[in-house]
> 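Got a structure here, written out as structure tokens. Questions coming.
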Amino acid sequence: MSAEVTVLRGARPYGEAPVDVVIADGRIAALDQPGAPVAAAAREIDASSLILLPGFVDLHTHLREPGREDAETIQTGSAAAALGGFTAVHAMANTQPVADTAGVVEQVWRRGVEAGLCDVVPVGAVTVGLRGEQLAELGAMAESAARVRVFSDDGVCVSDAVLMRRALEYVKAFDGVIAQHAQEPRLTEGAQMNEGVLSGLLGLRGWPSVAEEAIIARDILLAQHVGSRVHICHLSTRGSVEIVRWAKERGLDVTAEVTPHHLVLTEELARTYDPRYKVNPPLRGAADVDAVREGLADGTIDAVATDHAPHPHEDKDCEWAAGAFGMLGLETAVSVVIETLVEPGLLDWRGVADRLSTRPAHIGRLDGHGRPLAVGEPANLVLVDPSARWTVDPARLASKSRNTPFAEREMHGRVVATFLRGTPTVLDGQLA
Amino acid sequence: MRHLLSAADLSRDDAILILDTAGELGRVTDRAVKKLPTLRGRTVVNLFFEDSTRTRISFEAAAKRLSADVITFSAKGSSVSKGESLKDTALTLEAMGADAVIVRHEASGAPHRLAHSGWIDCAVVNAGDGTHEHPTQALLDAFTLRHHLSGGEGALDGRRIVIVGDVLHSRVARSNVLLLHALGASVTLVAPPTLMPVGVDTWPCQVSYDLDDALPGADAVMMLRVQRERMNAAFFPSTHEYSRRYGLDTRRAALLADDGIVLHPGPMNRGMEITADVADGSRSVIVEQVTNGVNVRMAVLYLILGGRAETDVWEMSA
């Protein structure tokens, strides 16, 4: 906890009227009229014209540690998260070894504490080794020091309907949730890109929308049948949005996330055969991009989750089929949301706080995150300059990898400062 | 920088120029000494990541007849089989002074990556990439069709060509649809619906599931190889049913126009997509296709590397 006092002068909570925010003892101590005197302020930050939001919470991050520290470490990934305005990230389970035991999730959690730049919340594997055969010890992971609540075999789908049913049921005992990577495996064998006219022309094996939508529909019905909640990872198609909307209209307990790249990029980029645009689920068509934006705007989609997926350069500097699936996302996420939703008027700043912080924190059952900007609340905060413009230079990202799809692209809006329980992790757009 | 990556890069005039050039160069091969000095001192690399004896030797013969130095690099038994990347292989070959790389690769788009990734600076010719394209095959097919249907000149306006078989996995079909359309021909693709690509209805061709319906009066039919393994992946129930519905036998060949011809890019599955009687019959131009392949590939190398370096008559790709 920070013992010192910080004042954010003239910050605009949710983009509304400016206030001076006093942070003390890791909490919001006061929200004062601008210019009010503050006793013993150790640090004053000029936050005029900056938007104040609760720190972002990522439901879907690949930190690669343990096992692939050549691509990312918990330290470098945490730095990327802080620079992106995140105060908590869920670290996916597909590490080596897989995070399928209490021992591994506690190790990840501890390494996150040591890095100290954001809360690293491990996701537990649903099945042993992500093999889809036998449930992992979900209860042990839930009871561990890491307090796992989100379970996912992300990277592969829990495709066996019985296993999925059991997992959905089992985690009710500790209020957990299964985050499904919705991909019918047989329909996507060898798939390289979205299936459609373009995949036919490019001669790349298609990944049809139905392979995602069929699993989402099945799992929503399964969750309804057993009275559980289910979370849909990186939803990417118009049909998926419609299915989730249908389910929510019926009051079913389903939540869903969309990645920044599916909000802005389309399959047209596959024409380059450059694997930096290769991702799973694949980039879809323009109609799908419109649909996920609408879904995020109307609340059908609960959260923006980055699916930050670092890969070493050699795994992308090759032919398309040999390239790895995945893109970086942490350091560019809020800029994509600003460009695709805030500036066109689809989402206001309260909406941004809801989709990037409040709802993902609630889905992950994180107590200290996603809280309102109010006196007494934990000071997990981010200051955003919505008018800033910056160009992505892959070599200057904090991530250990460079596989951003936004290289050389001008981004809208920038994270200026991030606070984790009152302690700045980022100031002036740099690690503090 | 000029490459041949896709038949889509070729305008009607580009295609006719290549075919005309192939015709001129073909006359050389009728002479006792089958060599031209055009590419003397230039180095052409055959970079074959996939086994394809016929395409490789065709390119080799074409380059040698133009007096180029030819290096053939096959994946098997090379550093590629030890895990060397496409990029490093390409860098190595360019360091050896390659002027053109002819690449066959199992990954769709690999030639496009070689041409546009900034790894190397030499010309790239696509000799077949995955299930994407095989533009020189389409050119040799067009050359063969033109010889028989248009007196060896001009384009293929109004000619009706039927292409039958595994369109979904066929780079030959993709390149042929694009090129034959550019040359004014009317193309009909015939296959079971399982072997048609998604979006084929947007291609510049007709689509049919019924071979007997498509063949009558056609000027040519091109049979595509169908791998027996497709049966195991449930693309069709059995080889017998495939042959019955989509195989070319003498009865069906007789439905063609009077002087209609039969093509096959090879290698053939005799008894599967084509009967031996048809493959060896009077309408078959399958062996001729091989000869024409050398001439067409000579023309491509000649135009990319030698003949018209100063003019932009034949700008193929950015």
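Every chain is numbered from 1, with letters handed out A, B, ... down the list of sequences.
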> So what's closer than 4.5 Å to chain B heavy atoms on A:Leu201: side chain, backbone, both or neither?
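When you check distances to chain B, atoms from both the backbone and side chain of A:Leu201 fall under 4.5 Å.
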> If you count every heavy atom of other residues, nucleotides or ligands that lies below 6.0 Å from A:Arg402 atom CZ, does the total exceed 12?
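Result for CZ/A:Arg402: open.
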> Is any side-chain heavy atom of A:Trp320 closer than 4.5 Å to one of B:Ser108?
no
> Starting at CG of B:Leu5, measure out to OH of A:Tyr273 and round the result to the nearest 0.5 Å.
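Between atom CG of B:Leu5 and atom OH of A:Tyr273 there are 9.5 Å.
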> Identify which part of A:Arg205 has an atom lying under 4.5 Å from any heavy atom of chain B, answering side chain, backbone, both or neither.
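Looking at A:Arg205, nothing touches chain B.
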> Is there a donor-acceptor pair under 3.5 Å between the side chain of B:His132 and the backbone N or O of A:Leu204?
no
> Looking only at heavy atoms and a cut-off of under 4.5 Å, which of A:Cys318, A:Pro208, A:Ala321 has the most pairs with chain B?
A:Cys318
> For residues B:Arg174 and A:Gly200, report the shortest heavy-atom separation together with the two atoms involved.
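Taking every non-hydrogen atom into account, NE-O, 2.6 Å.
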> Heavy-atom pairs under 4.5 Å with chain A: which of B:His105, B:His169, B:Arg113 has the most?
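Maximum pair count with chain A is reached by B:Arg113.
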> Does CD belonging to B:Gln206 count more than 12 external heavy atoms closer than 6.0 Å?
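12 or below, so no.
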> Between B:Ser117 and chain A, with a heavy-atom cut-off of 4.5 Å, which part of the residue counts as in contact: side chain, backbone, both or neither?
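Nothing of B:Ser117, per the 4.5 Å heavy-atom cut-off to chain A.
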> Looking at B:Arg245, I'd like to know if its CZ atom is crowded, meaning that more than 12 non-hydrogen atoms belonging to other residues, nucleotides or ligands lie closer than 6.0 Å.
no
